[in-house]
Amino acid sequence: MAQVKVKKPTMLDIANQVGVTKATVSMVLNKKDELISPETRDKILKVADELGYIPNSFARSLITKKSGTIGIIIPDITNPFFAEIARAIEDEANRLQYNVIFCNTDNQVPKEESAIRLLIGKLVDGVIFIAGGTSETSLALLNQHAVSFVLVDRYIPGCEDYPGVYCMSDDGVMDGVRHLYEKGRRKIAYVRGPRELRVFEYRVNAYKEMMTTLGIYDERYVYEVLPSLEAGIAVTEQIARDVPDVDGIIYCNDMTAMGGLKALTRLGYHVPRDISIIGYDNIKISQFIEPELTTVAQPIAEMGEAACNLLINIINEVPLKEQKIFLYAELVVRGTS
């Protein structure tokens, strides 16, 4: 059976049915209806709903120069940390009556640049950007097309003056090392993230500083991975081979730590009796595994909300005292230590 094409409803259809002008309908649908009676406004909205009218946001953006849409670029949607921060951004954007377009880059800069071109083509008002690597070209594209943006979580070398929301992780990592030391742990390994991401450099430096202060630092105990559950399994098996008497491991994120916990269980270690482990992020699932994961907690929801508010204030040219927001991480002690 052939599909029947039906003419989509227009503002003129609504106007004719209500008995008002198209301009009146436009004012109501665009929320510029201060001079229109509540009765007329309610009739227009009721008829628009009955007809299934959907505003043409592209046409409206050509008039207002704003699309009411922001983009979010995240490096790995399968990592719950990024999924949770994206959800917090979306919730705050919806509260502020903005739509959201998500782009996942798999930590690949070429995919990142393609996503930015897509968002520019969609006329987004701004972008919340979590870098997947050294992303200067990506930011240059946004600057070239005068698209407002806010960086989140990951620093980009040379771009420290751009608007951003960051978590100060040094104290949290140091507290983690100190916590394990007080538990009697002395051979504490550290699983870091990629060197090209400066956020991981800050964290490993905090580990080195505290381990050196305590007199137990050994550079052979530092391992580098691209964070993931699978990487956590593989690197933990390697640590167990390299350092058979390892008694503590701190991981660069919770997913990698959960992979480590799985590997240690398979290898016959008892956590935390034989070895203590600490993750980083405090994703929601970290408190539902068994034993529950000790972790350095980032304020994930606050980071997402702050990033969204900062971007929309920049879009709307609201005067701001600061365009960089710093939040703090703290150690949450649970069953793995």
Side-chain angles (χ1 to χ4, degrees), residues 8-9 11 14 25-34 38 41-42 44-46 48-105 112 115-116 118-131 142 147-154 163-167 281-285 298-318 320 323-325 327:
K8 66 179 183 180
M11 283 195 285
I14 299 170
V25 173
S26 177
M27 285 188 286
V28 170
L29 297 181
N30 287 292
K31 300 181 180 179
K32 297 180 179 179
D33 52 4
E34 297 86 355
R41 175 184 174 277
D42 290 345
I44 289 170
L45 293 175
K46 184 173 183 291
D49 183 57
E50 290 171 350
L51 294 177
Y53 175 77
I54 298 175
N56 186 333
S57 58
F58 179 76
R60 183 167 58 191
S61 70
L62 293 177
I63 298 170
T64 63
K65 306 301 181 184
K66 290 184 179 179
S67 64
T69 301
I70 62 172
I72 304 175
I73 295 179
I74 54 179
D76 182 6
I77 192 63
T78 65
N79 183 329
F81 169 73
F82 297 120
E84 289 178 25
I85 204 168
R87 175 59 188 267
I89 293 168
E90 182 185 33
D91 287 347
E92 186 67 6
N94 288 342
R95 188 185 72 80
L96 297 170
Q97 299 185 324
Y98 275 77
N99 300 309
V100 172
I101 299 174
F102 292 98
C103 296
N104 174 64
T105 67
E112 190 176 88
I116 287 174
L118 169 71
L119 294 174
I120 291 170
K122 295 292 185 182
L123 302 179
V124 296
D125 296 332
V127 173
I128 294 176
F129 184 56
I130 306 178
L142 292 169
V147 177
S148 301
F149 63 87
V150 168
L151 303 177
V152 180
D153 182 52
R154 294 179 171 181
V165 176
Y166 304 106
C167 183
D281 283 337
N282 195 32
I283 58 176
K284 290 180 181 177
I285 197 173
Q298 296 203 79
I300 300 175
E302 290 86 346
M303 290 172 72
E305 292 170 9
C308 186
N309 278 286
L310 179 58
L311 178 63
I312 290 173
N313 282 333
I314 292 170
I315 290 168
N316 293 324
E317 299 181 348
V318 175
L320 299 170
Q323 293 197 357
K324 286 186 288 185
I325 297 171
L327 302 172

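All values derive from a computational prediction rather than experimental measurement.
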Just distance, no hydrogens or angles: give the donor-acceptor pairs under 3.5 Å from side chains in residues 300-312, sequence neighbours left out.
unit_1, atom_1, unit_2, atom_2, d
N309, ND2, E92, OE2, 2.8
N309, ND2, E305, O, 2.9

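- Remark: D76 pairs with T78 by the side chain to side chain donor-acceptor pair (under 3.5 Å) rule, at least two apart or across chains.
- Closest approach of T69 to Y98, counting heavy atoms only: N-CD2, 4.0 Å.
- Every residue was checked against the salt bridge (Lys or Arg N to Asp or Glu O under 4.0 Å) condition with D42, not counting sequence neighbours, and none meets it.
- When the side chain to side chain donor-acceptor pair (under 3.5 Å) test is applied to E90, no partner is found at least two apart in sequence or on another chain.
- Under the rule for a salt bridge (Lys or Arg N to Asp or Glu O under 4.0 Å), the partners of E50 that lie at least two apart in sequence or sit in another chain are K46.
- Partners of N94 according to the side chain to side chain donor-acceptor pair (under 3.5 Å) rule, which considers only residues two or more places apart in sequence or in another chain, do not exist here.
- The side-chain contact (heavy atoms from CB on, under 4.5 Å) check on L118 picks up C103, K122, with sequence neighbours excluded.
- Looking only at distances, no side-chain donor or acceptor of D125 sits under 3.5 Å from a matching main-chain atom of I70.
- Judged as a ring pair (Phe, Tyr, Trp, His ring centres under 6.0 Å), and not counting sequence neighbours, the contacts of F149 are Y162.
- Here the rule is side-chain contact (heavy atoms from CB on, under 4.5 Å) with F82, and of I130, I77, I283 only I130 fits it.
- For N282, the side chain to side chain donor-acceptor pair (under 3.5 Å) partners at least two apart in sequence or on another chain are S286, R334.
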